[in-house]
Participant: 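Okay, handing you the structure first.
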Amino acid sequence: MPQTKGKKIMLSIGVVVAGIAALWYGLFGLKPYSLSAEELAVRYAYPVKHQVQLELTELNPQSFEFTYQSFDGVTVNGRIHYPQDLKTITSPVPVLIGAHAMGRSQIRWWQDSFKERATFEQTDKITAMALAKGYAVVAIDARNHGLRKDPALTVVDIIDNLHWWGEREPYEQMLVDTVRDHRVLLDWLVQHPQIDSSKMKLVGYSMGAQISLLLAGVDSRIHSVAAIVPPHMNNTTAVVAPLNLMEGLADNQVWLFTADDDEYASIKQNQQLFDALPNTDKKLFRFDSGHLLPADYVTKLEPWL
């Protein structure tokens, strides 16, 4: 009898928990939605300025911090580093645009640590390799990151609200507007006499990889992307799911770096993303690791550069 009573209690608890879960999902769970190609284009469109002005502050003859006004008047900050003294560049150089991971900032493309916290993504080593090969390297802070943090709405708040309360708009807007910030940056790069606008490559880690795929998917000025451990996105956040922008990647070279034990994308999901890429010039690199790849993954990028 006590055993039977115990089973009934456990069954009752299970029913209550299932009911609460069903109620939560009905009220707050993210539901899939779809967007047409035209609707996606509208979301990533921005008013084009005839002349984008960067306010430059020289750090040394090769490196400059900058700010500029984006499409909506918001200030964007970043840094550009040339392979040599800017005054000695006599012909346009290729450019590598770096996009940082969630919770990080553009400073991770230049330093092996920040505030005594190591740059485990090794993005500073990608920068060093690109500079040695004659590239200029540029990176900006994503919205709600780095110098653009909003104390009233932190990245943790945005992610918690997304998963717990189904508030996807702040998350989606953060990514969409960061892509549009990059499009304004591209407007400046293509008019910069020291930059070869026909040789612009894009590399991103994690959220930066997601942003890189989205940017290349909506902007025809990018033709080569290295996406390092992008998180899997489905139609619960359709506007920022790279799978919905595959058509725009058809003319791109895409190298995809994935981890077999990635908490943000399974082997199957990574393979799905790779298989969906419509271009023939693509490569998939798999690592036996978690979301943080082994430090030597950077060497695989050398032929891409």
Side-chain angles (χ1 to χ4, degrees), residues 29-52 68-74 76 97 99 102 140 142-144 158-159 161-163 166-191 197-198 200-204 206-227 230-254 256 265 269-282:
L30 288 169
K31 314 299 190 301
Y33 68 98
S34 60
L35 291 168
S36 67
E38 292 75 17
E39 289 170 323
L40 280 165
V42 168
R43 286 297 301 272
Y44 285 98
Y46 69 108
V48 179
K49 299 179 181 179
H50 293 297
Q51 192 77 19
V52 179
Y68 63 90
Q69 300 302 303
S70 195
F71 64 94
D72 56 355
V74 171
V76 182
I97 302 166
M102 181 172 286
I140 64 173
R143 299 221 172 188
N144 297 88
I158 290 172
I159 297 303
N161 291 340
L162 171 72
H163 292 308
E167 296 179 9
R168 62 180 153 219
E169 183 59 26
Y171 171 73
E172 291 180 338
Q173 202 64 52
M174 176 178 70
L175 293 175
V176 169
D177 285 348
T178 297
V179 170
R180 297 200 283 182
D181 290 340
H182 278 90
R183 299 192 75 181
V184 177
L185 176 65
L186 289 176
D187 291 343
W188 181 77
L189 288 170
V190 298
Q191 68 192 23
S197 61
S198 69
M200 297 196 294
K201 290 180 178 281
L202 187 56
V203 60
S206 190
M207 179 187 78
Q210 180 185 359
I211 287 169
S212 297
L213 291 168
L214 295 172
L215 177 58
V218 299
D219 201 303
S220 61
R221 292 171 292 188
I222 298 294
H223 295 287
S224 186
V225 179
H232 173 69
M233 292 289 137
N234 57 31
N235 274 357
T236 58
T237 52
V239 73
V240 293
L243 283 167
N244 291 326
L245 289 165
M246 289 290 106
E247 184 178 346
L249 290 165
D251 62 345
N252 271 262
Q253 173 194 50
V254 181
L256 181 62
Q269 289 164 342
N270 287 327
Q271 189 66 49
Q272 177 191 14
L273 176 61
F274 181 73
D275 291 342
L277 289 168
N279 49 313
T280 55
D281 190 358
K282 61 181 181 179

Participant: Nearest 0.5 angstrom please: M233 CE to L273 CG, how far?
Facilitator: 11.5 Å

Participant: Could you list the residues that satisfy side-chain hydrogen bond (donor to acceptor under 3.5 Å, both in side chains) with S224, not counting sequence neighbours?
Facilitator: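 S224: side-chain hydrogen bond (donor to acceptor under 3.5 Å, both in side chains) contacts with K201, Q253, W304.
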
Participant: Any idea which heavy atoms bring S212 and A99 closest together, and the distance?
Facilitator: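 Taking S212 first and A99 second, the nearest heavy atoms are OG-CB, 3.9 Å.
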
Participant: Looking at CD of Q272 and CG of L277, how far apart are the two atoms once the value is rounded to the nearest 0.5 Å?
Facilitator: 11.0 Å

Participant: Quick one: are V190 and M200 in side-chain contact, heavy atoms under 4.5 Å?
Facilitator: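 SC-SC contact between V190 and M200 confirmed.
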
Participant: Supply the atom-to-atom distance L35 CG to R43 CZ, rounded to the nearest 0.5 angstrom.
Facilitator: 7.0 Å

Participant: Does the pair Y171 and L175 meet the rule for a side-chain contact (heavy atoms from CB on, under 4.5 Å), with working shown?
Facilitator: CA-CA 7 Å; Y171 171 73; L175 293 175; 3.4 Å; yes

Participant: Looking at L256 and F274, what are the two nearest heavy atoms and their distance?
Facilitator: CD2-CB, 3.8 Å

Participant: Using side-chain contact (heavy atoms from CB on, under 4.5 Å), reason through D219 and Y44 one step at a time and then give a plain yes or no.
Facilitator: CA-CA 9 Å; D219 201 303; Y44 285 98; over 6 Å; no

Participant: Contact between V254 and N279 at the side-chain level, heavy atoms closer than 4.5 Å - yes or no?
Facilitator: yes

Participant: Using 0.5 Å steps for rounding, measure from the CG atom of L249 to the CG atom of D281.
Facilitator: 12.5 Å

Participant: Taking Y46 for its side chain and D181 for its backbone only, find out whether a donor-acceptor pair lies under 3.5 Å.
Facilitator: no

Participant: For a quick test of reading the model, state the closest non-hydrogen atom pair linking I211 to T178 and the distance between them.
Facilitator: CD1-CG2, 3.7 Å

Participant: Measure the spacing between CD1 of I158 and CZ of R143 and express it to the nearest 0.5 Å.
Facilitator: 11.5 Å

Participant: So, R221 side chain and R183 main chain: donor-acceptor pair closer than 3.5 Å or not?
Facilitator: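 Pair found, side chain donor or acceptor close to backbone of R183.
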
Participant: Give a yes or no on this: more than 12 heavy atoms of other residues, nucleotides or ligands lie within 6.0 Å of atom CD of E247.
Facilitator: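 Not buried by this count: 12 neighbours or fewer within 6.0 Å.
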
Participant: Which is it for L245 and V218 under the side-chain contact (heavy atoms from CB on, under 4.5 Å) test, yes or no, and what are the steps along the way?
Facilitator: CA-CA 7 Å; L245 289 165; V218 299; 3.8 Å; yes

Participant: Indicate whether any N or O donor in one side chain lies under 3.5 Å from an N or O acceptor in the other, for D187 and Y68.
Facilitator: no

Participant: Taking side-chain hydrogen bond (donor to acceptor under 3.5 Å, both in side chains) as the definition, give me every residue that meets it alongside N235, ordered by chain and number, with sequence neighbours left out.
Facilitator: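 Residues passing side-chain hydrogen bond (donor to acceptor under 3.5 Å, both in side chains) with N235: N244.
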
Participant: Report the distance from atom CG of L243 to atom CG of N234, rounding to the nearest 0.5 Å.
Facilitator: 9.0 Å

Participant: Which heavy atom in P231 sits nearest to a heavy atom in Q210, and how many Å separate them?
Facilitator: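 Looking at all heavy atoms of both residues, the shortest contact is CG-OE1, 3.5 Å.
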
Participant: If I compare all heavy atoms of L214 with all of A241, which pair ends up nearest, and what's the gap?
Facilitator: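 Minimum heavy-atom separation between L214 and A241: CD2-C, 4.1 Å.
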
Participant: Hey, does the side chain of Q191 reach the backbone of Q51 with a donor-acceptor pair shorter than 3.5 angstrom?
Facilitator: no

Participant: Kindly say whether K31 contributes a backbone atom to a donor-acceptor pair with the side chain of R168 at under 3.5 angstrom?
Facilitator: yes

Participant: Work out which heavy atom in L202 is nearest to a heavy atom in A216; give both atom names and the distance.
Facilitator: CD2-N, 4.3 Å

Participant: Please confirm whether the backbone N or O of V74 pairs with a side-chain atom of D72, one donor and one acceptor, at under 3.5 Å?
Facilitator: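 Answer holds: yes.
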
Participant: Hey, are the side chains of L186 and L215 touching, using non-hydrogen atoms and a 4.5 Å cut-off?
Facilitator: yes

Participant: Would you check, one step at a time, whether the test side-chain contact (heavy atoms from CB on, under 4.5 Å) holds for E167 with E172?
Facilitator: CA-CA 9 Å; E167 296 179 9; E172 291 180 338; over 6 Å; no

